[in-house]
Colleague: 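Structure in structure tokens, see below.
Quick caveat, the model's predicted, so the values are computed rather than measured. In what follows, chains carry the letters A, B, and so on, assigned in the order in which the sequence lines appear, proteins first and then strands, with residues in each chain numbered from 1.
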Amino acid sequence: MNEETWEQVRAVVASIPPGSVLSYGDVAEIAGLRSARIVGRILAEDSADLPWHRVLRSNGTVAEHLRQRQLELLRAEGVLADGARVSMRRYRWTPDEEPRPEV
DNA sequence: AAAATGACCTGGG
DNA sequence: ACCCAGGCCATTT
């Protein structure tokens with residue numbers, strides 16, 4: 001894993017504002033990578049000082065072993081999950097977006 | 001060197 | 001909702 005992409009990915013994740021989320025694939029795309037797996041791998045390795053909970057699967061679910069923790073952290077900033085699934089429609093972040101329309 | 005393993009994604013039936 | 005196939009790619013067996 002080269003140093004550069006590692007920092008790229010971290011920078012992208014760090015830039016996600018509270019109350020919004022991105023998928024692993026989104027992060028990969030923004031960071032200029034071709035694989036979402038790499039993003040997951042980097043976060044798995046070291047996510048200590050990042051808002052890692054704002055990154056989830058493209059379908060709004062999260063990995064089993066993180067489910068409790070991640071949804072709780074998201075709930076704390078206003079991102080509500082319907083059961084095990086977060087609505088990407090509502091919370092997905094795009095850098096230029098305006099206030100989201102209701103439901 | 002070859003195969004398995006992930007905090008993954010997309011498209012199809 | 002379900003299952004499956006194929007793509008993805010660094011790291012570890």
Side-chain angles (χ1 to χ4, degrees):
Chain A
M1 181 99 296
N2 77 53
E3 198 76 16
E4 191 180 334
T5 64
W6 184 83
E7 296 198 20
Q8 278 270 25
V9 169
R10 294 183 60 89
V12 173
V13 175
S15 74
I16 307 171
S20 296
V21 301
L22 283 183
S23 73
Y24 293 89
D26 291 339
V27 175
E29 187 176 358
I30 295 171
L33 304 176
R34 351 206 306 284
S35 170
R37 280 194 185 279
I38 304 303
V39 175
R41 173 162 228 303
I42 290 174
L43 291 185
E45 194 174 295
D46 173 27
S47 59
D49 46 356
L50 290 175
W52 60 270
H53 56 282
R54 298 183 193 138
V55 182
L56 64 189
R57 293 185 180 139
S58 64
N59 66 4
T61 64
V62 304
E64 237 340 272
H65 64 288
L66 297 172
R67 205 164 55 78
Q68 289 281 123
R69 178 87 172 122
Q70 184 158 13
L71 294 184
E72 164 187 320
L73 286 168
L74 287 173
R75 188 169 65 245
E77 41 188 64
V79 176
L80 307 174
D82 172 13
R85 174 181 296 259
V86 168
S87 169
M88 291 306 275
R89 198 118 54 168
R90 282 220 305 264
Y91 302 110
R92 191 183 214 158
W93 183 60
T94 55
D96 55 297
E97 193 171 1
E98 310 150 27
R100 349 173 159 92
E102 299 305 318
V103 192

Colleague: Tell me, please, which residues at least two apart from A:D82 pass salt bridge (charged side-chain N to carboxylate O under 4.0 Å, His left out).
Modeller: none
Colleague: Could you tell me the separation between the CD atom of A:E77 and the CZ atom of A:R54, rounded to the nearest 0.5 Å?
Modeller: 4.0 Å
Colleague: Distance check, rounded to the nearest 0.5 Å: A:I42 atom CD1 versus A:T5 atom OG1?
Modeller: 5.0 Å
Colleague: Check nucleotides 4-7 of chain B for protein N or O atoms closer than 3.5 Å to its own N or O atoms and list the pairs.
Modeller:
residue: B:dA7; atom: N6; partner: A:L43; partner atom: O; Å: 3.2
residue: B:dA7; atom: N6; partner: A:S47; partner atom: OG; Å: 2.9
residue: B:dA7; atom: N3; partner: A:Y24; partner atom: OH; Å: 3.0

Colleague: What are the bounds, 5' to 3', of the part of DNA chain C that sits under 4.0 Å from heavy atoms of chain A?
Modeller: C:dG7 to C:dT11
Colleague: Give every residue pair that meets the salt bridge (charged side-chain N to carboxylate O under 4.0 Å, His left out) criterion with at least one member in residues 56-66 of chain A, sequence neighbours excluded.
Modeller: A:E64-A:R67
Colleague: Same hydrophobic cluster for A:Y91 and A:M88, using side-chain heavy-atom links shorter than 4.5 Å among ILVMFWY?
Modeller: yes
Colleague: Side chains of residues 6-18 of chain A: which donor-acceptor partners sit under 3.5 Å, not counting sequence neighbours?
Modeller:
residue: A:R10; atom: NH1; partner: A:D46; partner atom: O; Å: 3.1
residue: A:R10; atom: NH2; partner: A:D49; partner atom: OD1; Å: 2.5
residue: A:R10; atom: NH2; partner: A:D49; partner atom: OD2; Å: 3.3
residue: A:S15; atom: OG; partner: A:V12; partner atom: O; Å: 2.7

Colleague: Applying salt bridge (charged side-chain N to carboxylate O under 4.0 Å, His left out) as the test, list every pair that has at least one member in residues 21-34 of chain A; sequence neighbours left out.
Modeller: A:D26-A:R92
Colleague: The test is side chain to side chain contact (heavy atoms under 4.5 Å, CB included); show your working for A:V62 and A:L74 and say whether it passes.
Modeller: CA-CA 12 Å; A:V62 304; A:L74 287 173; 5.6 Å; no
Colleague: Determine the Euclidean distance between corresponding P atoms of B:dA7 and C:dA5; express it in Å to zero decimal places.
Modeller: 23 Å
